[in-house]
Amino acid sequence: MAKTYPFKDIESKWQKWWEANGVYHAKQPGDTDLKKYYGLVEFPYPSGEGLHVGHPRSYTAIDIITRKKRMNGFNVMYPMGWDAFGLPAENFAIKKKVHPAIVTEKNVATFKRQIQSLGTGFDWSREINTTDPAYYKWTQWMFIQFYESWFDEAAQKAKPINELHIPNDVEEQGDEAVKNFRDSKRMAFKQKTTINWCPKCKIGLANEEAQGGVCERCGGVVEKREKYQWMLRITKYADRLIKELDGVDYLDKIRTQQINWIGRSEGASIDFIVQPKNPFDKGTISGGTIRVFTTRPDTIFGATYLVLSPEHQLVSQWIDEKLIENAKDVQKYQETTRKKSDIERQENKEKTGVELKGIVAINPANGKEIPVWIADYVLAGYGTGAIMAVPAHDERDFEFAKKFDLTIIKVIQPPALDRVASQSLLTKGELEPIKVEPDCFAGHGTAINSDFLDGLETTKATKKIIDWLEKNKHGKSEVNFKLRDWVFSRQRYWGEPIPMVHCEHCGWVAVQDSELPVLLPEVEKYEPTDTGESPLAVMKDWVKTTCPICGIDAERETDTMPNWAGSSWYFLRYCDPNNKEEFASDRALRYWMPVDLYNGGMEHTTLHLLYSRFWYKVLFDLGHIPESCGVEPYGSRRSHAMILGEGGVKMSKSKGNVINPDDVVEKFGADVFRCYEMFMGPYDMDAPWDTNGIQGVKRFLDKVWSLADGHIANNQPTPDTESDNSYESTLHKAIKKVGDDIENLHFNTAISQLMILTNELQKADHINRNDFESYVKILSPFAPHLTEEVWQKLGYKESIHISSWPVYDESKLIEETVTVAVQINGKVRAQLLVPTEISEKEIIAMAKQDGKVVKYLENKEPKKEIYIKGKILNFVV
RNA sequence: GGGCCUGUGGCGGAAUUGGUAUACGCAACAGACUUAAAAUCUGUGGCCGCAAGGCAUGUGGGUUCAACUCCCACCAGGCCCACCA
């Protein structure tokens, strides 16, 4: 009587029925009194490769959770859409001369067909696409909100630019000064930054196209080039992006990765006065001040030289002022650094540098004159782009000092020794403590002695020296971040046009709201131009426009937005996807936000997750998101893992081990596919694909099918309530465990419990109708098609997926008898089958009668008797 | 170099607060049905040993009546960041 689950006849039938009946369509506030549940998976980039078997793993996982929530009585929203701007479509367009929009449309159709064949309960009435002008209109509108706002440090929030107070001295300098002041504060601003430039292809590359410092297209080495780019001031939110994580439930590793990426470090900025070395010039020409950042100001007595990054502004300035004696060497070094690729920097960490001859810096603490160098181990982009080198307490400085034979002064201060660097240097025996000689303080103002910090532990010493620096105006305490501002320009075609106009007279001006969206024009060539400008730059008709303020001829911005733009706010659009007046109504946002559960890959933890949190906070601060939604968009964040090829290696075309979801669905059906992906291992861990493993899951569902078949065949018309059944405790245990496991994303153990229950039910000669229905219900999130078919065969006209989740009976979880293991000195020696409620006294007495126990006790009286109810009885002799 | 994670049978993996290690599934073996095979069903199964018993959760220590679980040190593998002062 073995029957195979006939998925081919069943699955597409129910998929159509569900869609036609709107089973998964979420109701808007006002149409329902139910509480909401918003489950979200990262929307895919519809690549030409089609769906990967990794996609369904997370789609199914969140599908299972949202199905259960719906059965628990929530108004569930589980939407899906397309993050469809991006490089692959554009590169394909360049190669094959097909419009990216056409390629994208085709890919979306494929993805949608594939996802729909899986029976995932997405609300397709809310489908969105980032390349749809009706969508990117709002992406552009939001960019303008960034442009029209500034960050108020005191209030720690973004505010409209017209609330920016203009200081009197700026106001006195006239309109131009006021305008510049405003522009310098905007959340979106244009700035010169370095981009990756491929000299062979003559194009600017995105970071992801220039991985490892090599051009993705030609394999050539990528150079750095300076270009004006639109930037978003995410660094202003660095503190809040860390602090406000406290209010959300993120997986620990996601939280720490975000915090590390932002990279907050506390320390001090210290000013070193620079002077010409020649004593005759002293006092006549001033070299200015070099500001450095350090996390260890307490080691200042060991600072024996300064290092600037080769790109440091002051270097060129000094050359112009003819202060540098070896200007030629210095310029040569600057040039080599500029040409150095990231690869070279990474592979060769050998220290290089050039001394700036002709100038010296004064250590403000002890007044000593120290040399100034430039070296590429100091990064222009971090801190002030300059450091005080303390070779005795920093390994990099130490290496550098050894190589160029610079002074190394060990600060005699025990607390400094706890630093890993100095410790390892000391144990290597390479460092002899050197006491600073008193005569080197001579001549330079407010010098103090290094005894100043003696005996203080690091934190106290740091505080004391900062106080001293502040009092004497040599520096101040400062916090620095690794996080950089967000480079928002791309010289590409397939992205949202940045809605800005440049006017000779008014400067940069935002396009008026009524003119949005700024549509992507049709172009003939998708290649970026030789000058590194966007392909849009050659569209003279499109570029030419008039200034929204003064009306004279003006030009459009030709750069487009990065991929990350559309995905920074898509979860807001789902709340109200067809709204033509706003990106979403207040009412819809108040009801749906924040997202209850957001799932995505670890690879998006640092970029997408951070960007979208930032984007949301700015909109929130500006009042575009209701207060009641809170400052964070995602209430909880979880992460899926990868599905590997057979044998545990990454799936790739070149290895030929790619599994196509279509083939799996064709051969086994969607329910088997879903259950298999949930059963293969813990959800948050990588798991290899196993063709045999899927066979086992198929057997399981076949078993369920024939069980149901048998049950329905001798189905009673009315529900019976017979309750003396052997499977009962297993059933109630399963209701509890499957429910708990779903909430905790432990899908693999939920399925194993369902297998155990199925095996048990198979042995039973009679199953009560109520019990059988509970069984089908708890299976339904995993195998939605099969269970729907069974459900309707049981006579129901409504979907099983809107039925209610069964409740387990606590009293039925407890079995009447249990097996207790009896241990002697922690080793199991006997098993006793006893009534669950047996008392400690009784079981001890019983155990002592047991032959094996008697043997191992060897007539000795136990020193200790430990009984853990229903589990273990341990005799210690 | 820094951060995070993982080591349990032939394989994927279970083990809720420390309480019978190896659930569930795969593969394997034996049997039933069949002319035969597939499918299905029943059974066996950590390792050594005839057995009694002993040894087993990467390695070595520790805490405990009791450790996959907690602590310390180490080894192996993976991922991310990487000259971040």
Side-chain angles (χ1 to χ4, degrees), chain A residues 1-4 252-254 256-257 259-261 263-265 267 292-296 299 307 342 345-346 348-351 375-379 381-390 393-397 399-400 420-421 424 480-484 602-603 605-606 641-642 646-648 676 679-682 684-697 699-700 702-703 706 737 740-741 744 746 748-756 758-759 762 818-831 862-877:
Chain A
M1 74 150 236
K3 295 231 173 163
T4 302
D252 268 347
K253 59 176 176 179
I254 298 176
T256 48
Q257 208 170 308
I259 292 171
N260 290 345
W261 183 264
R264 184 181 201 274
S265 49
V292 305
F293 174 73
T294 176
T295 53
R296 292 293 303 274
T299 62
V307 190
D342 287 348
R345 280 207 180 200
Q346 265 164 35
N348 187 8
K349 289 190 179 167
E350 176 78 30
K351 297 284 178 291
D376 66 1
Y377 83 94
V378 173
L379 307 172
Y382 184 75
T384 59
I387 61 155
M388 62 175 205
V390 186
H393 299 283
D394 183 284
E395 258 177 306
R396 295 155 301 183
D397 296 343
E399 261 178 62
F400 192 79
V420 182
S424 66
N480 247 298
F481 298 92
K482 285 188 204 170
L483 185 68
R484 308 282 68 160
M602 280 310 285
E603 70 276 18
T605 301
T606 45
M642 261 191 302
E646 300 216 32
Y676 172 63
F679 185 61
M680 61 199 303
D684 56 356
M685 286 217 265
D686 291 352
W689 188 267
D690 177 14
T691 309
N692 286 322
I694 197 166
Q695 197 66 42
V697 175
R699 276 181 209 145
F700 162 58
D702 283 347
K703 239 186 257 186
S706 57
K737 183 160 174 61
D740 291 351
D741 280 352
N744 295 316
H746 295 162
N748 54 332
T749 50
I751 292 190
S752 108
Q753 193 62 39
L754 285 163
M755 286 172 168
I756 293 169
T758 304
N759 292 341
Q762 220 178 10
V818 283
T819 311
V820 172
V822 184
Q823 301 181 329
I824 317 287
N825 289 337
K827 285 195 190 276
V828 179
R829 297 299 181 186
Q831 314 255 342
K863 277 186 271 190
K864 217 170 176 183
E865 291 156 352
I866 298 151
Y867 177 56
I868 307 297
K869 195 182 162 211
K871 292 194 167 141
I872 290 276
L873 174 62
N874 193 8
F875 291 120
V876 185
V877 290

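Each chain gets a letter, A, B and so on, in the order the sequences are listed, and its residues count up from 1.
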Contacts under 3.5 Å, N or O only, protein and nucleotides 42-47 of chain B:
none

Subject >> d(CG, A:Asp740; P, B:U17) in whole Å >> reply: 12 Å

Original post:
With a non-hydrogen cut-off below 4.0 angstrom, is A:Lys863 in contact with a base, only sugar-phosphate, or nothing?
Top reply: nothing

**OP:** Could you tell me the separation between the CD atom of A:Glu399 and the P atom of B:A85, rounded to a whole number of Å?
**Re:** 16 Å

Subject >> Per-nucleotide protein contact string for nucleotides 23-30 of chain B, where B marks a base within reach and S marks sugar-phosphate only (heavy atoms under 4.0 Å, - for neither) >> reply: BBSSS---

Side chains of residues 690-697 of chain A: which donor-acceptor partners sit under 3.5 Å, not counting sequence neighbours?
from     : atom 1 : to       : atom 2 : distance (Å)
A:Asp690 : OD1    : A:Asn692 : N      : 3.1
A:Asp690 : OD2    : A:Gly693 : N      : 3.4
A:Thr691 : OG1    : A:Glu646 : OE2    : 2.4

**OP:** Using only heavy-atom distances, decide whether a donor-acceptor pair under 3.5 angstrom links the side-chain of A:Lys482 to the base of B:C81.
**Re:** no

Original post:
To the nearest Å, how far apart are A:Asp684 CG and B:C79 P?
Top reply: 17 Å

Do any N or O atoms of the protein come closer than 3.5 Å to N or O atoms of nucleotides 18-20 of chain B, and which pairs are they?
from  : atom 1 : to       : atom 2 : distance (Å)
B:U20 : O2     : A:Gln831 : OE1    : 3.2
B:U20 : O2     : A:Gln831 : NE2    : 2.9
B:U20 : N3     : A:Gln831 : OE1    : 3.4
B:U20 : O4     : A:Thr819 : O      : 2.9

**OP:** Grab the stems for RNA chain B, please: at least three consecutive Watson-Crick or wobble pairs, both distances below 3.5 Å, written as range with range.
**Re:** B:1-7 with B:75-81, B:10-12 with B:24-26, B:28-32 with B:40-44, B:46-48 with B:53-55, B:58-62 with B:70-74

Original post:
Once you round it to whole Å, what is the distance between P of B:A66 and CZ of A:Arg829?
Top reply: 14 Å

Original post:
Base, sugar-phosphate, or nothing: which does A:Asp686 touch, judged by heavy atoms less than 4.0 Å apart?
Top reply: sugar-phosphate

**OP:** Mind calculating the distance between CG (A:Asn744) and C1' (B:U16) to the nearest angstrom?
**Re:** 9 Å

Subject >> With A:Arg264 via salt bridge (Lys or Arg N to Asp or Glu O under 4.0 Å) - residues at least two apart >> reply: A:Asp239, A:Glu266

Original post:
Cation over ring, A:Lys351 on A:Phe400, under 6.0 Å and within 45°?
Top reply: no

**OP:** For B:A85 and B:A15, measure between their C1' atoms and round to the nearest Å.
**Re:** 47 Å

Original post:
Is A:Arg264 touching bases, backbone alone, or none of the nucleic acid, heavy atoms closer than 4.0 Å?
Top reply: nothing

**OP:** Please determine, by modelled atom types, if A:Lys703 and A:Asn759 share a side-chain donor-acceptor pair under 3.5 angstrom.
**Re:** yes

